[in-house]
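Beneath this line is the structure, given in structure tokens, with notes to follow.
Predicted model only: the values in this text are computed from it and were never measured.
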There are 2 protein chains.
Amino acid sequence: MPRPAARRADARHNRELILEAADAAFRRDGVRASLAEIARTCGIAIGTLYKHFSTREALLEALIHDQVAGLREHAERRTGSDTPYEALIEWLQEFGRCASAYQGLAESILSAAVTDGSDMHAAVQCMRTAAGSLLTEAQRSGAIRLDVTPAEVFALACGAGTASRYTTTDPDRLLRLVVDGLAPR
Amino acid sequence: MPRPAARRADARHNRELILEAADAAFRRDGVRASLAEIARTCGIAIGTLYKHFSTREALLEALIHDQVAGLREHAERRTGSDTPYEALIEWLQEFGRCASAYQGLAESILSAAVTDGSDMHAAVQCMRTAAGSLLTEAQRSGAIRLDVTPAEVFALACGAGTASRYTTTDPDRLLRLVVDGLAPR
DNA sequence: ACCTGAACACCGTTCAAGT
DNA sequence: ACCTGAACACCGTTCAAGT
């Protein structure tokens, strides 16, 4: 009797529905989009949404999970590059693109980096670690000041991502301006 | 009969009450703090709050109005300085302090700079203008790239302000790192 | 002139009850 | 195992009615 399996498939389907609708809503309205409306869009009860994702942060974390994995891969691929400064900038630009997918996401990521018990904390640590090795290499190459910390670079990249949502300037240029500031004087 | 005058004094008093309570609430909960709770704190009806400030943005604008005036004065005082780079940085640091008084204020300011009909638009334009002359002088002195626009500097300063809320790093240092990136290569 | 507060339409979140 | 939706406590905003 494959009934239980079919049941689970149904739940998995609902999960996918929620993720799809949430992604659209967050893109449109930012990370504070209405969860009730998302559930309505899916045609499911609000309780079902909460069953799958017990907090808004858990939902956000699920949505960016794959991108975090991609960012880690990206960083690993570029580790040991002979142009570590460019490798760092390009990784940060990629990160900036992800972090500004939803309005308010950069702030959620930053605050998850700070508050230890949060749902997104682990995912954010991955990002930080990935960025950390690229930063160290760029520092060893002499392109980046030795006195800037990974946390500072991370925070500045998020700040640039936020700022880019309110300017006509190319986000990549904004980030490059910031990172240029990290060169030794 | 000084009755109408007394009446107006009452209204003025309510206005002050609202501003005080709103400042406390925004400092604690950010710019999205509950207006209902603010009214309750004042002991006034919610309709009265709306009568005085028809939008949240109008309330925010009233709260930062004096600081905007101060920032303009500050910029005027430093215009023609013989150390224009330091003058710019110090102005931006002062601005950063104001813009990060409430969580989300930097974003409100940025979006007011973009959306023309907003309540805060005029106030923000003052800030931009004040910053603009300092930026131009710093550029003429050779300390800042000629290709960065006031809008970009403004956006980056807001971004640094936001980021500083989630880091242990000194906000002034964060902003200086950013502005250092605006030096000619 | 100014203030009141009920009214409306919306949320987030939980939890007993259903299948 | 999973889903439902009523229930609760809260909002933002408006507007007729009061003084």
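- Nearest-nucleotide positions on DNA chain C for A/Leu35 and A/Thr48 put A/Leu35 closer to the 5' end.
- Residue A/Gln93 comes nearest to A/Asp172 through the heavy atom pair NE2-O, 3.2 Å, listed as atom of the first residue, atom of the second, then distance.
- At whole-Å resolution of the value, OH in B/Tyr50 and P in D/dA16 are 17 Å apart.
- In this structure, D/dT4 forms a base pair with C/dA16, meeting either the Watson-Crick or the G-U wobble geometry with both donor-acceptor distances under 3.5 Å.
- Between the side chain of B/Thr83 and the main chain of B/Glu86, no donor-acceptor pair closer than 3.5 Å is present.
- Judged by distance alone, the side chain of B/Ser133 and the main-chain N or O of B/Ala130 form a donor-acceptor pair under 3.5 Å.
- Scanning for ring-ring contact (aromatic ring centres under 6.0 Å, His included) contacts around A/Phe95 gives A/Trp91, A/Phe154, with sequence neighbours left out.
- Checking D/dC3, C/dC3, C/dG12 against the side-chain heavy atoms of B/His52 singles out C/dC3 as nearest.
- Of the two residues near DNA chain C, A/Ala36 and B/Gly47, the one whose nearest nucleotide lies more 5' is B/Gly47.
- If you take CG of A/Leu59 and P of C/dT13, they are 11 Å apart, rounded to a whole angstrom.
- In this structure, A/Asp10 atom CG and D/dA1 atom P are separated by 15 Å, rounded to whole Å.
- No side-chain donor-acceptor contact under 3.5 Å links B/Glu90 and B/Tyr85.
- When both pairing distances are held under 3.5 Å, C/dC11 makes no Watson-Crick or G-U pair with any nucleotide shown.
- Look at A/Asn14 and you'll find a side-chain N or O under 4.0 angstrom from OP1 or OP2 of D/dC3.
- At a non-hydrogen distance threshold of 4.0 Å, A/Ile44, A/Ala45, A/Ile46 from residues 38-46 of chain A come into contact with DNA chain D.
- Closest contact between the side chain of A/Ser34 and the listed nucleotides D/dG12, C/dC11, C/dC3 involves C/dC11.
- At whole-Å resolution of the value, CZ in A/Arg15 and P in D/dC3 are 12 Å apart.
- Checking D/dC11, C/dC11, C/dC2 against the side-chain heavy atoms of B/Ala11 singles out C/dC2 as nearest.
- Remark: C1' of D/dT13 and CZ of B/Arg56 are 12 Å apart, rounded to the nearest angstrom.
- Here the C1' atom of nucleotide C/dT4 and the CD1 atom of B/Ile18 are 13 Å apart, to the nearest Å.
- Taking atom CG of B/Leu49 as the reference point, atom C1' of D/dC11 lies 13 Å away to the nearest angstrom.
- Without hydrogens or angle criteria, A/Glu16 side chain to A/His13 main chain gives no donor-acceptor distance under 3.5 Å.
- A donor-acceptor pair is defined here as one N or O able to donate and one able to accept, closer than 3.5 Å; such a pair exists between the side chain of A/Gln139 and the backbone of A/Arg145.
- Atom pair B/Lys51:NZ and C/dG5:P shows a separation of 16 Å (rounding to whole Å applied).
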